[in-house]
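Since the structure comes first, as structure tokens, the remarks are kept for the end.
Naming: A, B, ... by sequence-line order, numbering from 1 per chain.
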Number of protein chains: 2
Amino acid sequence: MTAQDIRAWKIGQLAAETGLTVRALHHYDHLGLVQPSARTDSGYRLYAESDVERLYRVLALRQLGLPLDAIGRVLDGQTSIEELLDAHREYLDRQLVALRTLRAQVAIVAAAGRTGEAASVTHFLELIRKVITVDDTIKQYFSEEQLAQLAERRATLGEPAIAEVQAAWPRLIAAVQAAVDAGVDPASAQAQELAAEWMGLLQQFHGGDEGLRGSLYRMYAENAEQIEAQHGGPSPAVMDFIKAANAARN
Amino acid sequence: MTAQDIRAWKIGQLAAETGLTVRALHHYDHLGLVQPSARTDSGYRLYAESDVERLYRVLALRQLGLPLDAIGRVLDGQTSIEELLDAHREYLDRQLVALRTLRAQVAIVAAAGRTGEAASVTHFLELIRKVITVDDTIKQYFSEEQLAQLAERRATLGEPAIAEVQAAWPRLIAAVQAAVDAGVDPASAQAQELAAEWMGLLQQFHGGDEGLRGSLYRMYAENAEQIEAQHGGPSPAVMDFIKAANAARN
DNA sequence: CTTGACTCTGACGTTACGTCAGGGTTTACG
DNA sequence: CGTAAACCCTGACGTAACGTCAGAGTCAAG
């Protein structure tokens, strides 16, 4: 290297420096993402400082999970970073929602396997179908934003609070059922207390949001039998009791 | 179809019934995952009931995000579902951790774009590198299980509690710095109160877990300057003050 | 008998490279 | 100065799960 030579990297050097493979650099060259600004007479790639700089920019953006073609468009000024990042964040949000539900579903099925609930492959498949049906049903009634909203609410409340609410429902439903069986008057103080707890648990779910409340009610109304039979939901008698108690309050 | 014909589906019928495309069924056939047990003379695929049954099993497992080859191994009895689901759950957990950090990083950078903090592309890239460096550093000191543990703690506490702790740190650091500047005696009641709050915030992070505490301390010790300069961490004087206060307590 | 709907078998494209294969180039060492 | 090791080159196939033609045969209805 003589004195007038500007700094240049052969592909192996650059690969070692960046932690990439030579193949990856070939790939970027092929895509036109990072192309060496010179070659030796024998065809060896020579990366100049500006090329290396561009490569490091690519690597930074790649770390955020952006696709290479999008990175190329940003570096060539065809797209603004702001736009790209916003779109990417939304994309990741959707991925996150999907991945979370998937992992929850797999966890349910795997757990059933360990407790011996699902003995045969057939049992597993039935459970899987059930779990998926639930998800499909929910997706029918709640929009994407609403699901994100619910996820946010869960994160805000924290897991213990969620678990508490989930444990409270069967208890409360059983208590109301007992009150119905005992012929308790929906206008009585006892019934009012049950109804208040009921509305409180519902409140925990929708947080006062009209949209969430409406979607939940519609989902329940149109799937009441399923929910009662398969998921321990309230019977029509229980629902009527709560409605009557609420009506009596006013 | 004569009386002795058993039920059979042509590929288009089966596709319409399952919501798949013909191409997907071709693909499954090619992989040996679901192969029609008969063909017409002219080579049309004829799926028998057993084939359709197998296809529905494939679809159920596919809904859980399992790769087709793994599904094939399960249906052929080469792997147990339990094993596969457990492995898959762990895989999804890892994906979730990665996706969550990624989305957090992108959110940070995108937010900086909206607040005008990052004006030029260069600023963006600097911020990205900073965010990624933080993540890399954390990954050096915390094992995968520890990170999962931390994620669980965050979920347990809920977002508001986390936000509170994060907001409390700069306040407390400033308060301690003020005490140092004012020459407050580390043994004094005021210092003891600050130290108690300090240890309380730390407790919020590690929850009493020795491993987390140790990892955090090591990370701080080996990156104190970075943390102070780049992330508003405590100065050595502040740290000494807290140490002295803790020593005085005993 | 013709036309439209259906089916067949390749084969390429997608994403970001990994992994050879076959063949030149450079460099260090004896 | 010769040679072997190390390095570089250009294809080209493989990955996951299909989507999307292309070109050609088959079937059912009018």
Side-chain angles (χ1 to χ4, degrees), chain A residues 1-2 5 8-36 38-47 51 55 58-75 84 88 91-92 95 98-99 102, chain B residues 1-2 5 8-36 38-47 51 55 58-75 84 88 91-92 95 98-99 102:
Chain A
M1 211 188 277
T2 68
D5 277 331
W9 288 257
K10 280 198 296 185
I11 199 166
Q13 296 168 347
L14 189 53
E17 211 168 281
T18 57
L20 294 170
T21 61
V22 169
R23 178 64 178 99
L25 290 170
H26 279 169
H27 187 52
Y28 296 165
D29 186 0
H30 193 72
L31 294 179
L33 187 58
V34 180
Q35 285 176 327
R39 297 265 189 155
T40 66
D41 293 343
S42 53
Y44 284 23
R45 271 164 259 253
L46 287 179
Y47 291 87
D51 304 328
L55 177 59
V58 167
L59 294 185
L61 292 169
R62 195 191 61 155
Q63 291 269 344
L64 294 183
L66 293 164
L68 296 182
D69 59 345
I71 293 175
R73 282 195 296 273
V74 165
L75 293 187
L84 179 60
H88 193 49
Y91 166 74
L92 291 176
Q95 293 287 105
L99 194 53
L102 199 57
Chain B
M1 206 187 275
T2 70
D5 279 330
W9 287 256
K10 280 198 293 184
I11 200 165
Q13 297 167 348
L14 190 52
E17 210 166 283
T18 57
L20 294 170
T21 61
V22 169
R23 178 63 178 98
L25 289 169
H26 279 170
H27 188 53
Y28 295 165
D29 186 1
H30 194 72
L31 294 179
L33 187 59
V34 179
Q35 284 175 327
R39 296 263 188 156
T40 67
D41 293 343
S42 53
Y44 283 22
R45 274 164 259 254
L46 288 178
Y47 291 87
D51 303 329
L55 176 60
V58 167
L59 294 185
L61 292 169
R62 195 190 61 155
Q63 291 269 342
L64 296 183
L66 292 164
L68 296 181
D69 59 345
I71 293 174
R73 282 196 297 274
V74 165
L75 293 186
L84 180 60
H88 193 49
Y91 167 75
L92 292 176
Q95 294 287 106
L99 194 54
L102 199 57

Knowing that exactly one of A:V58, A:L55, A:D69 qualifies, which makes a side-chain contact (heavy atoms from CB on, under 4.5 Å) with A:L33?
-> A:V58

Just how far, in rounded Å, is P of D:dA16 from CG of B:L61?
-> 18 Å

Separation of atom CD in B:E17 from atom P in C:dC6, rounded to whole Å | 15 Å

In degrees, rounded to 10°, what is the bend between the two ends of the helix from C:dC1-D:dG30 to C:dG30-D:dC1, using five pairs at each?
-> 30°

What is the distance from CG of A:L59 to C1' of C:dC17, rounded to the nearest Å?
-> 14 Å

Between B:L31 and A:Q13, which is nearer to the 5' end of DNA chain D once each is assigned its nearest nucleotide?
-> A:Q13

Do B:Q35 and B:R45 pass the side chain to side chain contact (heavy atoms under 4.5 Å, CB included) test, and can you show the C-alpha distance, the side-chain angles, and the key distance before you say yes or no?
-> CA-CA 9 Å; B:Q35 284 175 327; B:R45 274 164 259 254; over 6 Å; no

Looking only at heavy atoms, which two atoms of A:Q63 and B:L102 are closest? And how far apart?
-> O-CD1, 3.3 Å

Below 4.0 angstrom from OP1 or OP2 of C:dC17, is there any side-chain N or O of A:R62?
-> yes

To the nearest Å, how far apart are B:L25 CG and C:dT7 C1'?
-> 13 Å

Phosphate-side-chain proximity, B:Y28 and D:dC18, N/O vs OP1/OP2 below 4.0 Å | yes

What is the minimum heavy-atom distance between B:D51 and B:L46, and which atoms define it?
-> OD2-O, 4.0 Å

Could you check which of D:dG19, C:dC17, D:dC18 has an atom nearest any side-chain atom of B:T21?
-> D:dG19

Round to a whole Å and report the spacing from NE2 of A:H27 to C1' of D:dC9.
-> 18 Å

Could you tell me the separation between the CG atom of A:L55 and the P atom of C:dC17, rounded to a whole number of Å?
-> 11 Å

May I have the distance from B:L64 (atom CG) to D:dA17 (atom C1'), rounded to whole angstrom?
-> 17 Å

Given atom CG of A:L20 and atom C1' of C:dG18, what is their separation to the nearest angstrom?
-> 14 Å

For A:L66 against A:H88, the heavy-atom pair lying closest together = CD2-CG, 3.5 Å

Find which nucleotide of DNA chain C each of B:K10 and A:K10 is nearest to by heavy atoms, and output the residue with the more 5' nucleotide.
-> B:K10

Give each protein N/O atom lying under 3.5 Å from an N/O atom of nucleotides 8-11 of chain C, with the pair distance.
residue, atom, partner, partner atom, Å
C:dC8, OP1, B:R45, N, 2.8
C:dC8, OP1, B:R45, NE, 2.9
C:dC8, OP2, B:H26, NE2, 2.9
C:dT9, OP1, B:R39, NH1, 3.0
C:dT9, OP1, B:R39, NH2, 3.2
C:dT9, OP2, B:R45, NH2, 2.1

Residues 13-25 of chain A side chain polar contacts: donor-acceptor under 3.5 Å, at least two apart:
residue, atom, partner, partner atom, Å
A:Q13, OE1, A:K10, N, 3.0
A:E17, OE1, A:W9, NE1, 3.1
A:E17, OE2, A:W9, NE1, 3.4
A:T18, OG1, A:L14, O, 2.8
A:T18, OG1, A:A15, O, 3.3
A:T18, OG1, A:L20, N, 3.3
A:T21, OG1, A:A24, N, 3.0

Where do A:L68 and A:Y28 land on the side chain to side chain contact (heavy atoms under 4.5 Å, CB included) test, with the steps shown first?
-> CA-CA 9 Å; A:L68 296 182; A:Y28 296 165; 3.6 Å; yes

So how far is it from B:Y44 OH to B:I11 CD1, rounded to the nearest 0.5 Å?
-> 11.5 Å

